[in-house]
Amino acid sequence: MTFLGIALVLLVVWTYAGAATIAVLRFARRPLETGADGPAISVLKPLHGAEPQLHDNLRSFAEQDYPEFQIVFGVRDRTDEAIPVARALIRERPDSDINLVVDSRVAGTNLKVANLENMLPAARHGIVVLADSDMLVTPDYLGAVTAPLADPQTGLVTCLYKAIPGRGLWSQLAALHINYGFLPSAVMGEALNVGGGCFGATIALRRDVLSRIGDFTRLRDELADDHRIGAAVRNLGLSTVLSRYIVENHVTEPSFSDLWQHEVRWARTTRLMAPVGFAGSVVTHTIVLPALVTLAFGAGAAAWGFVLLSLLLRWLSAAIVAYRLDLPRTGLWLLPLRDVLSFAVFLSSFFGRNVRWRDHVFRIESGGRMRIEGDEAA
């Protein structure tokens with residue numbers, strides 16, 4: 001029975017690791033669509049604070065090889081430290097079509113969505129691209145992510161993102177989670193046509209589609225607003241497309257507390273929105289799960305040898321993913337520690353509904369809606 005239990009766990013986690021690696025290899029072989037002569041685009045970028053490398057990130061969106069596009073920056077607070085950065089870019093590029101909207105109105109608990117609602121009237125074009133402020137892109141980005149919208153049955157295009165770690169252990173661990181945890185599982189979900197991935201790194205859609213789903217009104221109290229947009233578009237009978245283009249995210253986690261709060265927020269949101277899929281994600285813990293089962297059964301040296309094989313498989317899979325998707329390879333030796341931390345986050349997600357996001361504490365209700373809880377610790 002002991003051997004049977006360990007063998008079953010190994011079969012499940014090894015199958016997932018192999019399947020996810022194959023899914024990434026297939027994803028990497030996809031051609032990157034281009035649409036450099038497409039219709040005019042409005043890029044909406046909600047801002048909050050002077051994030052690290054904010055100027056470089058924003059400038060990368062302004063330096064696009066695309067015939068006609070505008071950029072709309074938005075902030076809610078007139079004292080926001082992102083305002084001088086946005087205005088500096090506007091001064092640097094007087095020939096670019098860049099607007100800054102400063103509007104404090106809030107119609108719900110999701111402050112990012114409130115920002116987008118305030119910005120939307122400034123968008124003048126028929127294609128709208130939403131992109132988080134901490135993303136860095138290359139000049140072919142707009143053409144690539146909007147090309148699939150030429151098909152009228154495509155309602156939305158979204159992008160994955162890869163993490164470039166800043167200095168320090170916590171940034172390294174955060175980047176490992178994104179690159180070798182989130183990214184392969186998102187590709188796997190897309191290959192299996194489950195999960196309905198839609199990511200704030202990029203959401204591109206036609207303005208008429210955005211209007212048909214009610215603009216941003218229905219998202220005012222949703223924590224996972226990107227996921228909800230994808231679901232709403234699919235409910236119209238239109239498809240969502242995962243672009244081959246991968247944007248870049250420079251990760252800077254100054255402390256363990258910041259890292260933990262971010263990842264617990266993601267995990268609790270996912271659990272409450274998709275409980276069955278989240279529970280099934282336990283199979284992604286390639287190292288920890290076999291080790292725990294081996295400890296529980298009190299197995300001998302042979303079983304621990306299989307745990308070592310799981311560790312080697314984890315490293316091999318990560319190395320292949322890094323090579324095919326051009327991900328950072330530094331810090332791969334930290335994967336065992338990263339996977340232990342990921343499992344701790346997974347378990348913690350089952351003990352509470354509160355999350356901290358941008359200096360506020362929210363309680364996530366079933367289905368992903370949220371309400372402000374006050375200033376209690378998450």
Side-chain angles (χ1 to χ4, degrees), residues 45-63 73-77 79-89 111-112 115 130-138 141 159-184 186 199-202 223-224 226 246-270 318 321-322 325-335 337-342 344-345 348 355-362 377-378:
K45 291 191 70 66
L47 308 180
H48 178 78
E51 300 168 324
Q53 296 187 285
L54 179 61
H55 183 270
D56 290 344
N57 293 340
L58 301 185
R59 185 177 61 190
S60 72
F61 280 80
E63 296 176 341
F73 299 135
V75 295
R76 295 178 37 261
D77 188 341
T79 65
D80 195 301
E81 294 180 346
I83 292 177
V85 180
R87 286 180 173 160
L89 182 63
L111 302 182
K112 173 187 169 184
N115 202 356
L130 316 177
D132 287 345
S133 58
D134 55 353
M135 300 298 162
L136 186 75
V137 296
T138 53
Y141 161 79
C159 285
L160 295 170
Y161 55 97
K162 62 182 177 181
I164 309 299
R167 294 182 179 179
L169 174 63
W170 311 121
S171 295
Q172 285 270 18
L173 290 173
L176 288 174
H177 170 66
I178 292 170
N179 292 336
Y180 305 109
F182 156 74
L183 204 157
F199 311 106
T202 289
L223 181 56
D226 47 4
I246 300 177
V247 301
E248 190 173 294
N249 177 215
H250 286 254
V251 176
T252 54
E253 293 288 5
S255 68
F256 171 75
S257 176
D258 288 301
L259 172 65
W260 179 263
Q261 287 179 16
H262 286 173
E263 296 191 1
V264 168
R265 170 165 62 87
W266 296 334
R268 287 181 179 172
T269 303
T270 305
V321 170
L325 297 183
D326 191 26
L327 306 180
R329 296 164 178 78
T330 57
L332 286 180
W333 64 276
L334 288 168
L335 274 176
L337 175 60
R338 172 63 262 183
D339 288 359
V340 170
L341 177 58
S342 294
V345 170
S348 177
V355 297
R356 184 176 293 277
W357 186 29
R358 290 185 172 177
D359 303 324
H360 294 276
V361 176
F362 299 92

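Count residues from 1 along the sequence. Excluded from the calculations below are hydrogen atoms, water molecules and symmetry mates; all remaining heavy atoms, backbone and side chain alike, are included.
For the residue pair L173 and R338, the shortest heavy atom distance occurs at O-NH1, 2.9 Å. Here the closest heavy-atom approach between residue V137 and residue F61 is recorded as CG1-CZ, 3.7 Å. In plain terms, the two heavy atoms of L47 and S133 that are nearest each other are CD2-CB, 3.6 Å. In plain terms, the two heavy atoms of Y161 and L183 that are nearest each other are O-CD1, 3.5 Å. Closest approach of C159 and A201 over heavy atoms only: O-CB, 3.8 Å. Pairing each heavy atom of P165 with each of A163, the nearest pair is CD-O, 3.8 Å.
The line from NE2 of H48 to CG of N115 is 10.0 Å long, rounded to the nearest 0.5 Å. Between the CG atom of L169 and the CG atom of L337 there is a distance of 6.5 Å, given to the nearest 0.5 Å. Considering NE2 of H177 and CG of D339, their distance stands at 10.5 Å, rounded to 0.5 Å. How far CG of L332 is from CZ of R329: 8.5 Å, rounded to the nearest 0.5 Å.
Legend: residues meeting salt bridge (charged side-chain N to carboxylate O under 4.0 Å, His left out) with D258, ordered by chain and number and at least two apart, are absent. In this structure, R76 has no salt bridge (charged side-chain N to carboxylate O under 4.0 Å, His left out) partners at least two apart in sequence or on a different chain. Listed by chain and residue number, K162 satisfy the salt bridge (charged side-chain N to carboxylate O under 4.0 Å, His left out) test with D326 (two or more places apart in sequence, or in another chain).
The closest side-chain heavy-atom distance from Q261 to V264 is not below 4.5 Å. Contact check for L160 versus F182: side-chain heavy atoms found under the 4.5 Å cut-off. Two residues are said to be in side-chain contact when any heavy atoms from C-beta on lie closer than 4.5 Å; V247 and N249 fail this criterion. Between Q172 and T330 there is a side-chain heavy-atom pair separated by less than 4.5 Å. At least one side-chain heavy atom of W260 sits under 4.5 Å from a side-chain heavy atom of S348. Within the 4.5 Å cutoff, no side-chain heavy atoms of N179 are placed close to those of V321. Side-chain contact between H250 and P52 is absent, with no heavy atoms from C-beta onward closer than 4.5 Å. Counting heavy atoms from C-beta on, the side chains of L259 and L341 come closer than 4.5 Å.
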ask   = Should L327 and Y180 be marked as a side chain to side chain contact (heavy atoms under 4.5 Å, CB included) after you check the CA-CA gap, both sets of side-chain angles, and the distance that decides it?
value = CA-CA 9 Å; L327 306 180; Y180 305 109; 3.6 Å; yes

Side chain to side chain contact (heavy atoms under 4.5 Å, CB included) evaluation trace for L130 with D226 = CA-CA 10 Å; L130 316 177; D226 47 4; over 6 Å; no

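Between Y141 and T202, the side chains place a donor N or O and an acceptor N or O closer than 3.5 Å (distance only, hydrogens not considered). A side-chain donor from one of E253 and H262 sits under 3.5 Å from a side-chain acceptor of the other.
Counting heavy atoms of neighbouring residues, nucleotides and ligands inside a 6.0 Å radius, atom CD of E81 does not exceed 12 of them.
One N or O on the side chain of D80 and one on the backbone of G49 form a donor-acceptor pair closer than 3.5 Å. Proximity of a side-chain donor or acceptor of K45 to a complementary backbone N or O of G74 within less than 3.5 Å is not detected. In this structure, the side chain of D132 does not engage the main chain of D134 through any donor-acceptor pair within 3.5 Å.
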